[in-house]
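Please read the structure below before turning to the comments.
The chains referred to below are lettered A, B, ... by the order of the sequence lines, with proteins before strands, and numbering in each begins at 1.
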There are 2 protein chains.
Amino acid sequence: MSTIKDVARRAGVSTATVSYVLNNTGTVSEATRQRVLQAVKELGYRPSVIARGLQARKSRMIGYSWRPMPPDQFNPILEKFIHSMAEAAERHDYHVLTFPSSIPYDEVTIYQDMIESGRVDGFILPHTNLNDRRIRYLLDVGFPFVAFGRSNPDWDFPWVDVDGTGGMRQAVTHLLELGHRRIACLAWPETSLTGQYRLEGYQAAMVEANLPIDPAWVVRTENDYYHAYQITQTWLALPPDRRPTAVVALSDLMAIGAMNAAADAGLKVGPDLAVVGFDDAPITGYLRPPLTSLRQPIAEVGERAVTMLIELVRGETPSPAQVLLKPRLIVRDSTRLSKT
Amino acid sequence: MSTIKDVARRAGVSTATVSYVLNNTGTVSEATRQRVLQAVKELGYRPSVIARGLQARKSRMIGYSWRPMPPDQFNPILEKFIHSMAEAAERHDYHVLTFPSSIPYDEVTIYQDMIESGRVDGFILPHTNLNDRRIRYLLDVGFPFVAFGRSNPDWDFPWVDVDGTGGMRQAVTHLLELGHRRIACLAWPETSLTGQYRLEGYQAAMVEANLPIDPAWVVRTENDYYHAYQITQTWLALPPDRRPTAVVALSDLMAIGAMNAAADAGLKVGPDLAVVGFDDAPITGYLRPPLTSLRQPIAEVGERAVTMLIELVRGETPSPAQVLLKPRLIVRDSTRLSKT
DNA sequence: ACGCATAATTTAAACGTTTAAGTAGGCTTG
DNA sequence: CAAGCCTACTTAAACGTTTAAATTATGCGT
């Protein structure tokens with residue numbers, strides 16, 4: 001593996017000149033520039049990113065850590081997200097370092113480790129929440145990061161998020177147009193900010209349509225298939241005038257629970273009970289019936305987050321520093337009335 | 001951020017001594033050792049991994065690139081795999097660098113880039129095949145890697161793989177025990193080595209049971225839902241004495257295609273047509289009926305591959321250099337005879 | 001008290017870059 | 001034609017470690 005010294009020797013110049021040519025800095029005559037480039041080509045020289053990193057005190061690495069899913073759940077967005085981040089990063093000669101957030105550790109320790117050892121120049125933070133300790137820590141130490149998700153309104157930090165409120169509003173509006181009036185919502189615990197935004201969208205759409213929300217129609221639970229299944233069962237057991245004809249779920253996993261509960265009760269999902277999910281996981285289209293769901297623009301989230309982060313690392317101020325993207329409702333048979 | 005010089009100054013020693021203490025090399029008196037450690041603690045000093053990397057000409061990074069899935073398909077193992085690799089790596093102070101294998105590029109170029117810029121010390125290679133150009137290249141340049149999957153038998157390189165042959169044999173044996181005699185197989189094109197191994201397991205189990213394989217029962221196709229759906233339809237249209245009563249698929253995605261084709265034909269999956277998948281994706285348990293599938297020990301694959309790779313990077317020779325792990329058949333209702 | 005072996009520590013070079021500061025030489029300018 | 005100014009380079013220090021080699025301190029046997 002050849003170094004800048006080898007190139008300099010072969011081109012008959014100093015290493016400084018080579019460096020200037022490679023970085024398009026300094027003033028170099030066209031003749032020497034060509035000689036240097038020739039030498040680079042002949043030797044197949046590639047600058048060492050580590051040596052560059054030492055000099056610049058930058059690693060050109062972006063750290064990304066996600067919460068591992070329990071084995072029976074799926075992470076519908078991880079692959080696309082990492083992929084889009086890595087691609088965007090590569091365009092700027094950055095790379096993505098994935099590290100696990102093992103449970104035993106204090107959540108913040110790993111981030112601290114990564115910073116202090118100089119492994120990464122910045123972070124993308126997924127799964128944010130109110131009073132997120134990682135955000136608080138990174139703000140305190142002034143280390144660059146961009147969050148995928150929001151947090152406390154009085155914390156000023158850069159984020160990209162998907163508009164859960166708008167998404168749920170779309171979903172409910174869609175159901176209203178189909179004639180549904182009694183719409184239930186499989187929600188998340190109050191501790192989830194993301195869940196809160198989504199729930200608000202449901203509520204807002206119902207209020208705007210002047211429809212009452214029966215308290216029984218909103219149930220908060222962990223993101224879990226069986227909970228969703230059971231809750232749907234209780235809904236189906238309500239008296240006819242209170243029984244929901246449609247369910248919007250905060251995730252595809254819960255939507256599947258609702259679908260299966262309905263099917264097991266002898267109902268036809270779609271005509272008898274409409275179901276909408278959130279995330280548009282790749283399998284949704286293969287379910288029976290295929291599930292209507294809200295597709296998040298994951299690739300765009302990853303791309304914009306990384307772009308913003310690189311600006312931050314360079315000392316620039318990304319503008320806008322907060323980006324809210326719209327999800328798109330993918331309509332499938334789980335919200336179609338006609339019996340297929 | 002303090003450096004080794006700061007520590008040396010504070011402890012009243014040279015930087016060399018600090019380095020010896022930190023790495024447990026050289027001979028340092030207990031008194032100075034304590035003084036150094038004290039200084040380290042007081043300053044919150046952490047060695048710069050970049051500076052270390054420059055000196056050692058090592059990045060302590062493991063590169064991992066995977067083929068992105070088409071949007072309508074899912075990668076059932078990616079999350080677990082990256083997670084297990086990252087955890088194993090961290091135990092040895094290594095980290096995982098994920099990079100996309102963008103289509104436009106020549107497949108090998110990206111690996112070359114990573115090597116020549118000194119980004120990574122080794123690779124984990126997923127999705128191997130016969131005459132795999134990445135393997136050939138890495139062998140030629142002598143760069144450390146461990147493959148997840150096998151390749152040409154006459155190429156000697158370290159790999160970890162899941163025993164597809166044994167897995168399919170398990171699946172078929174399970175079906176035989178349930179009384180099935182006409183078993184079909186949704187296979188992959190001949191170009192897929194993994195597919196070849198799995199298919200051989202199916203064939204071997206049938207032969208051992210002295211059962212004839214009707215040529216119509218083995219259909220090779222790309223890993224695709226719709227193909228699987230259509231092929232199953234043609235099977236169901238066969239005359240009763242040739243119509244399969246069970247289907248083993250080389251992936252969950254194709255198994256789902258088979259299940260849906262059967263359901264749409266008015267058959268009950270399980271009693272009327274048994275279906276077995278491969279991968280045990282997290283959703284399989286939530287399908288109707290839940291899908292019997294072969295679970296790959298992904299976490300162990302990741303862990304062992306990384307351990308082997310780190311040995312290689314250190315110049316050691318991992319033993320064994322080839323590891324074949326058994327998948328486990330998870331039996332669910334898609335292969336149960338009783339009508340639920 | 002001396003020489004010697006060994007233990008403890010320091011010096012300085014090296015890893016592969018970048019870049020501030022310095023230096024020639026040619027060109028303009030009054 | 002000297003003073004100054006570009007242009008096109010080079011020199012050398014710096015980034016934060018490790019480590020071979022050199023140096024100094026310590027203890028031991030006689």
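- Closest to the A:Val28 side chain, of the nucleotides D:dC9, C:dG16, C:dT18, is D:dC9.
- Residue B:Ala16 places its side chain closer to C:dA12 than to any other of D:dT17, C:dA12, D:dC15.
- Between the side chain of B:Tyr20 and the base of D:dA20, a donor-acceptor pair under 3.5 Å is found.
- Closest contact between the side chain of A:Leu54 and the listed nucleotides C:dT10, D:dG16, D:dT17 involves D:dG16.
- Distances shorter than 4.0 Å separate none of the side-chain N or O atoms of A:Ser48 from OP1 or OP2 on C:dC15.
- Nucleic acid contact class of B:Ser29 (heavy atoms, under 4.0 Å, all strands): sugar-phosphate only.
- Between A:Tyr64 and A:Phe81, the ring planes lie perpendicular to each other; the angle is over 60°, past the 30° to 60° tilted range.
- Among the protein residues, B:Arg33 comes within range of no part of the nucleic acid, since none of its heavy atoms lies under 4.0 Å from any strand.
- Taking 4.0 angstrom as the limit, A:Thr17 places none of its side-chain polar atoms (N or O) nearer than this to OP1 or OP2 of D:dA8.
- Nearest-nucleotide mapping onto DNA chain C: of B:Thr27 and A:Ser19, the residue sitting toward the 5' end is B:Thr27.
- Shown are B:Phe145, B:Tyr137, B:Phe143; of these, the ring pair (Phe, Tyr, Trp, His ring centres under 6.0 Å) with B:Phe123 is made only by B:Phe143.
- Between A:His83 and B:Trp66, the two ring planes are perpendicular [angle over 60°; tilted spans 30° to 60°].
- Although no hydrogens or angles enter the test, the distance criterion places a donor-acceptor pair under 3.5 Å between the side chain of A:Asn129 and the main chain of A:Thr191.
- A residue-by-residue look at B:Ser14 and B:Ala51 shows that B:Ser14 has its nearest nucleotide of DNA chain C further toward the 5' end.
- In the set D:dT10, C:dT18, D:dT17, the nucleotide with an atom closest to the side chain of A:Gln55 is C:dT18.
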